[in-house]
Protein chains: 2
Amino acid sequence: MRNWIASYVFRVSDHLVLRGQVCFALYAASRALTDVYRPILDEFGLTYPQYLVLLVLWERGDDPPTVSELGAALRLDSGTLSPLLKRLAAAGLVVRTRSVLDERRVEVGLTADGAALRQRMTDVPLRVACSTGLDEAELVALRDTLTRVTETIHRQKEQ
Amino acid sequence: MRNWIASYVFRVSDHLVLRGQVCFALYAASRALTDVYRPILDEFGLTYPQYLVLLVLWERGDDPPTVSELGAALRLDSGTLSPLLKRLAAAGLVVRTRSVLDERRVEVGLTADGAALRQRMTDVPLRVACSTGLDEAELVALRDTLTRVTETIHRQKEQ
DNA sequence: CGCAATCCAATTGCGCACAACTTATCTGGC
DNA sequence: GCCAGATAAGTTGTGCGCAATTGGATTGCG
């Protein structure tokens, strides 16, 4: 058990073991954290990706992003966002308006209800962070490592 | 509510900021890594969850797991696994057989093709690990932190 | 100006994830 | 042996996530 920690690459390339791979750890942790969010977001009638969209809109304030800009922030394409935004609009949280200057673009703005939701959800990240069992330093380190991995991968793709 | 958590959440800027949250970093990194797998697994006609199922089957060797046991290893339920296993069976990589001792159970075994695939895929984890840009120590630390988070969350759920 | 190339959002199709439910089988208490 | 409850796998329905395509708007180049 010890010497396999000492040699991640060698062991894995030799034996293809599930528990030894970062990829599975990442996949499992991501779904586990979504499980923590689900009952909390259910109180607000939201799914996790819908909540992420609202995070971006709250952050943007008076400057409603286009579907593309939302996609760039969340790394999601129109195939995912179009129906998701339709559901947020049907819930009365969001309005979609064709840009006057460029009719290809659709601007995604908050309704009063959508904007008001922000105040009611301020403690959500706190509740989720607690469930990880990590302390502050570990949370920050984890976030920064993951962000670095994501950016490394995306940089490679652009070339 | 502990104070250290509050300082984690509010470190980067105010409330509810996308880039400041571990949850988004995890979600983004998981999808980014799946993006790395996609073209590689395409060569073998597999999706990422199908590859994970094969990892478990290869690891088990002569002892074919039931659908439930597969589900416990991957944290997936029959609603996900049943159709996935059907597709693996249609691809000729897997056979599903009702247990003789307990006819509720379905044992998932490898075909010759499914078993042979292991040899052809030994270098897959290496190719993916390289794309993260992390060194060996970082990979091991990341994997262990994520595994700890996942287990903490699951322990909380069982209570 | 003309029009091909580009861009943007939406749509289609497929494969997860997961909740809720159904069907078949098994177990324990009597 | 009988049956209530538990268990296993499958099915249905919803919502992502992403590739590929479509249709309308815009840009740029000659």
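By convention in this document, chain letters (A, B, ...) are assigned in the order of the sequence lines, proteins followed by strands, and residues within each chain are numbered from 1. Small disclaimer: the values here were computed from a predicted structure and weren't measured.
- Phosphate contact (OP1/OP2 of dA9(D), side-chain N/O of S78(B), threshold under 4.0 Å): absent.
- Atom OH of Y37(A) and atom P of dA19(C) are 18 Å apart (whole Å).
- Residue T80(A) has no polar side-chain atom (N or O) positioned under 4.0 Å from OP1 or OP2 of dG17(D).
- Going from atom CG of D102(B) over to atom C1' of dG28(C) covers 15 Å, rounded to whole Å.
- When ring centroids are compared, Y27(B) and Y48(A) come within the 6.0 Å threshold.
- The closest donor-acceptor contact from the side chain of D144(A) to the backbone of T147(A) lies at 3.5 Å or more, if one exists at all.
- The phosphate of dG17(D) (OP1 or OP2) has a side-chain N or O of Y27(B) nearer than 4.0 angstrom.
- Taking only side-chain nitrogens and oxygens, R75(A) never comes nearer than 4.0 Å to OP1 or OP2 of dG17(D).
- Of the residues in residues 63-72 of chain A, none has a non-hydrogen atom less than 4.0 angstrom from any atom of DNA chain D.
- Here the side chain of D35(B) pairs no donor or acceptor atom with the backbone of R38(B) at under 3.5 angstrom.
- No donor-acceptor pair under 3.5 Å is formed between the side chain of R96(B) and the backbone N or O of E107(B).
- One finds a side-chain N or O of T47(A) lying less than 4.0 angstrom from the OP1 or OP2 phosphate oxygen of dC16(D).
- Rounded to an integer number of Å, the gap from CG of L84(A) to C1' of dT14(D) is 13 Å.
- OP1 or OP2 of dC16(C) has not a single side-chain nitrogen or oxygen of K86(B) nearer than 4.0 Å.
- Taking every side-chain heavy atom of P49(A) into account, dG17(D) is the closest of dC16(C), dG17(D), dT25(C).
- Taking every side-chain heavy atom of L76(A) into account, dC18(D) is the closest of dT25(C), dC18(D), dA9(C).
- For the atom pair OG1 (T66(B)) and CG (D102(B)), the distance works out to 9.5 Å, reported to the nearest 0.5 Å.
- Looking at heavy atoms from C-beta onward, I40(A) lies in side-chain contact with V128(A) at the 4.5 angstrom threshold.
- Counting non-hydrogen atoms under 4.0 angstrom, L81(B) reaches nothing in the nucleic acid.
- Here the CD-CZ distance, from E69(B) to R105(B), works out to 6.5 Å after rounding to the nearest 0.5 Å.
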Close N or O pairs between protein and nucleotides 3-7 of chain D (under 3.5 Å):
unit_1, atom_1, unit_2, atom_2, d
dT7(D), O2, R104(B), NH1, 3.1

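- Without hydrogens or angle criteria, R31(A) side chain to R75(B) main chain gives a donor-acceptor distance under 3.5 Å.
- Each of Q50(A) and P83(B) was assigned the nucleotide of DNA chain D with the nearest heavy atom; the assignment lying further toward the 5' end belongs to P83(B).
- Taking atom CG of L52(B) as the reference point, atom P of dC16(C) lies 10 Å away to the nearest angstrom.
- Atom-to-atom, CG of D35(B) to C1' of dA19(D) comes out at 11 Å; the value is rounded to the nearest Å.
- Residue contacts shown for L101(B) are limited to sugar-phosphate atoms, with no base heavy atom under 4.0 Å away.
- Taking the side chain as every heavy atom from C-beta outward, R87(A) and P83(A) approach each other to under 4.5 Å.
- For L74(A) and dG17(D), the CG to C1' distance is 12 Å, given to the nearest whole Å.
- For R148(B), the salt bridge (charged side-chain N to carboxylate O under 4.0 Å, His left out) partners two or more places apart in sequence, or in a different chain, are E138(A).
- Between W58(A) and Y51(A), the two ring planes are perpendicular [angle over 60°; tilted spans 30° to 60°].
- Relative to the side chain of R38(B), the nucleotides dA19(C), dC26(C), dA19(D) differ in distance, and dA19(D) lies closest.
- Atoms CZ (R87(B)) and C1' (dC14(C)) sit 8 Å apart, rounded to a whole Å.
- Projected onto DNA chain C by closest heavy-atom contact, T34(A) and R98(A) fall at different nucleotides, the more 5' of which corresponds to R98(A).
- Distance R31(B) CZ to dG15(C) C1': 16 Å, rounded to the nearest Å.
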